[in-house]
**Student:** 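Below is a structure I'd like to ask you about.
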Amino acid sequence: MLDGRCTCGEVRYRLKAKPLFVHCCHCRWCQRETGSAFALNALIEAEAVETLGGDPVGVATPSESGKGQIIHRCPTCEVAVWSVYSGAGPDFRFIRVGTLDDPDACPPDIHIYTESKQPWVVLPQHVSAMAQYYRRSEHWPKESLERREAVLAKRRG
């Protein structure tokens with residue numbers, strides 16, 4: 001289990017499972033949105049995220065895909081703790097790795113949209129890097145694919 005929180009500590013959460021996959025996104029949209037060189041998000045089932053304190057506020061935000069996302073922020077310090085992307089749906093959360101108490105526990109599994117990465121960012125050779133996006137079936141571990149499918153099967157009913 002991994003715990004995380006916003007800067008002021010009002011919103012606290014716990015990951016009750018290992019993330020499915022960790023994205024380091026270098027697209028210009030994420031750069032602008034975070035004010036940094038990339039966004040580091042740990043994808044996990046929503047049911048595996050336990051809120052321990054506070055109630056993050058969802059802010060509807062446009063995204064480059066045009067589908068939008070909801071960024072959940074602390075109502076006091078306004079730090080983004082996770083996002084829900086329209087493409088993935090409400091059953092999955094993209095946890096902002098920097099809000100974890102131990103962000104070292106979630107290094108990137110893949111670097112995406114590297115065609116627009118900052119030129120001074122040096123990518124590790126042992127981690128997959130894609131110019132744009134990728135196929136889950138080619139990069140995700142089997143266990144993560146199975147967990148994702150189990151969530152989707154529940155959604156289908």
Side-chain angles (χ1 to χ4, degrees), residues 1-114 116-118 120-121 123-124 127 129-130 132-134 136 139-141 143-144 147-148 150-152 154-155:
M1 284 193 268
L2 293 169
D3 289 355
R5 64 180 180 85
C6 63
T7 299
C8 74
E10 179 178 339
V11 173
R12 293 178 297 109
Y13 66 89
R14 173 170 293 147
L15 304 184
K16 299 185 295 183
K18 177 183 175 188
L20 297 166
F21 210 63
V22 180
H23 291 155
C24 186
C25 184
H26 297 268
C27 78
R28 296 291 183 192
W29 200 277
C30 283
Q31 290 177 29
R32 182 179 306 105
E33 185 179 279
T34 63
S36 186
F38 49 79
L40 189 58
N41 290 310
L43 173 59
I44 192 168
E45 304 95 323
E47 65 187 22
V49 180
E50 177 183 2
T51 303
L52 302 174
D55 190 18
V57 175
V59 178
T61 308
S63 66
E64 191 166 28
S65 71
K67 296 178 182 176
Q69 67 174 304
I70 299 173
I71 300 176
H72 292 260
R73 298 178 174 276
C74 170
T76 301
C77 68
E78 298 185 353
V79 163
V81 288
W82 62 72
S83 292
V84 174
Y85 287 88
S86 295
D91 297 321
F92 298 97
R93 293 189 181 163
F94 290 74
I95 305 295
R96 299 289 173 97
V97 171
T99 65
L100 291 168
D101 293 344
D102 182 13
D104 299 353
C106 290
D109 292 309
I110 197 165
H111 291 265
I112 56 176
Y113 296 101
T114 60
S116 56
K117 78 171 185 61
Q118 292 296 310
W120 47 264
V121 172
L123 302 178
V127 179
M130 307 304 292
Q132 295 185 353
Y133 204 65
Y134 65 95
R136 267 185 302 275
H139 294 277
W140 281 30
E143 176 191 349
S144 293
R147 287 170 51 196
R148 178 182 178 274
V151 170
L152 296 176
K154 284 183 194 175
R155 185 189 297 172

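Starting from 1, each residue takes its place in the sequence as its number. What you see is a predicted model; the values in this text were computed from it and never measured.
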**Student:** Drop me the distance from Cys24's SG to Leu40's CG, to the nearest 0.5 angstrom.
**Tutor:** 5.5 Å
**Student:** So, does Gln31 use its side chain to make a donor-acceptor pair with the main chain of Ser116 at under 3.5 Å?
**Tutor:** yes
**Student:** Return the CZ to SG distance between Arg96 and Cys106, rounded to the nearest 0.5 Å.
**Tutor:** 14.5 Å
**Student:** So do the side chains of Gln69 and Phe94 get within less than 4.5 Å of each other, counting heavy atoms only?
**Tutor:** no
**Student:** For side chain to side chain contact (heavy atoms under 4.5 Å, CB included), just list the numbers for Phe21 and Arg136, CA-CA rounded to whole Å, side-chain angles, deciding distance to a tenth of an Å, and then say yes or no.
**Tutor:** CA-CA 10 Å; Phe21 210 63; Arg136 267 185 302 275; over 6 Å; no
**Student:** Pick out which of Val79, Asp101, Val81, Val11 makes a side chain to side chain contact (heavy atoms under 4.5 Å, CB included) with Arg5.
**Tutor:** Asp101
**Student:** According to ring-ring contact (aromatic ring centres under 6.0 Å, His included), who are the partners of Phe92, at least two apart in sequence or on a separate chain?
**Tutor:** none
**Student:** Would a 4.5 Å heavy-atom cut-off, applied to side chains only, mark Ile112 and Cys25 as touching?
**Tutor:** yes
**Student:** More than 12 heavy atoms of other residues, nucleotides or ligands under 6.0 Å from CD of Glu143: is that the case?
**Tutor:** no
**Student:** Using 4.0 Å as the upper bound for N to carboxylate O, is an ion pair formed by Glu47 and Lys154?
**Tutor:** yes
**Student:** Is any side-chain heavy atom of Val127 less than 4.5 Å from a side-chain heavy atom of His111?
**Tutor:** yes
**Student:** Any chance you could measure His139, atom NE2, to Asp109, atom CG, to the nearest 0.5 Å?
**Tutor:** 11.0 Å
**Student:** Aromatic rings Tyr134 and His23: how do their planes relate, parallel, tilted or perpendicular, breaks at 30° and 60°?
**Tutor:** perpendicular
**Student:** Hey, what do you get for CG (Leu100) to CG (Leu15), rounding to the nearest 0.5 Å?
**Tutor:** 5.5 Å
**Student:** Would you please test His26 and Tyr113 for ring-ring contact (aromatic ring centres under 6.0 Å, His included) and show each step?
**Tutor:** CA-CA 5 Å; His26 297 268; Tyr113 296 101; 9.6 Å; no
**Student:** As an exercise, state the distance from OG1 of Thr99 to CZ of Arg12, rounded to the nearest 0.5 Å.
**Tutor:** 13.0 Å
**Student:** Check the surroundings of atom NZ in Lys16: do more than 12 heavy atoms from other residues, nucleotides or ligands lie under 6.0 Å from it?
**Tutor:** yes
**Student:** State the OH-NE2 distance between Tyr13 and His72, to the nearest 0.5 angstrom.
**Tutor:** 13.0 Å
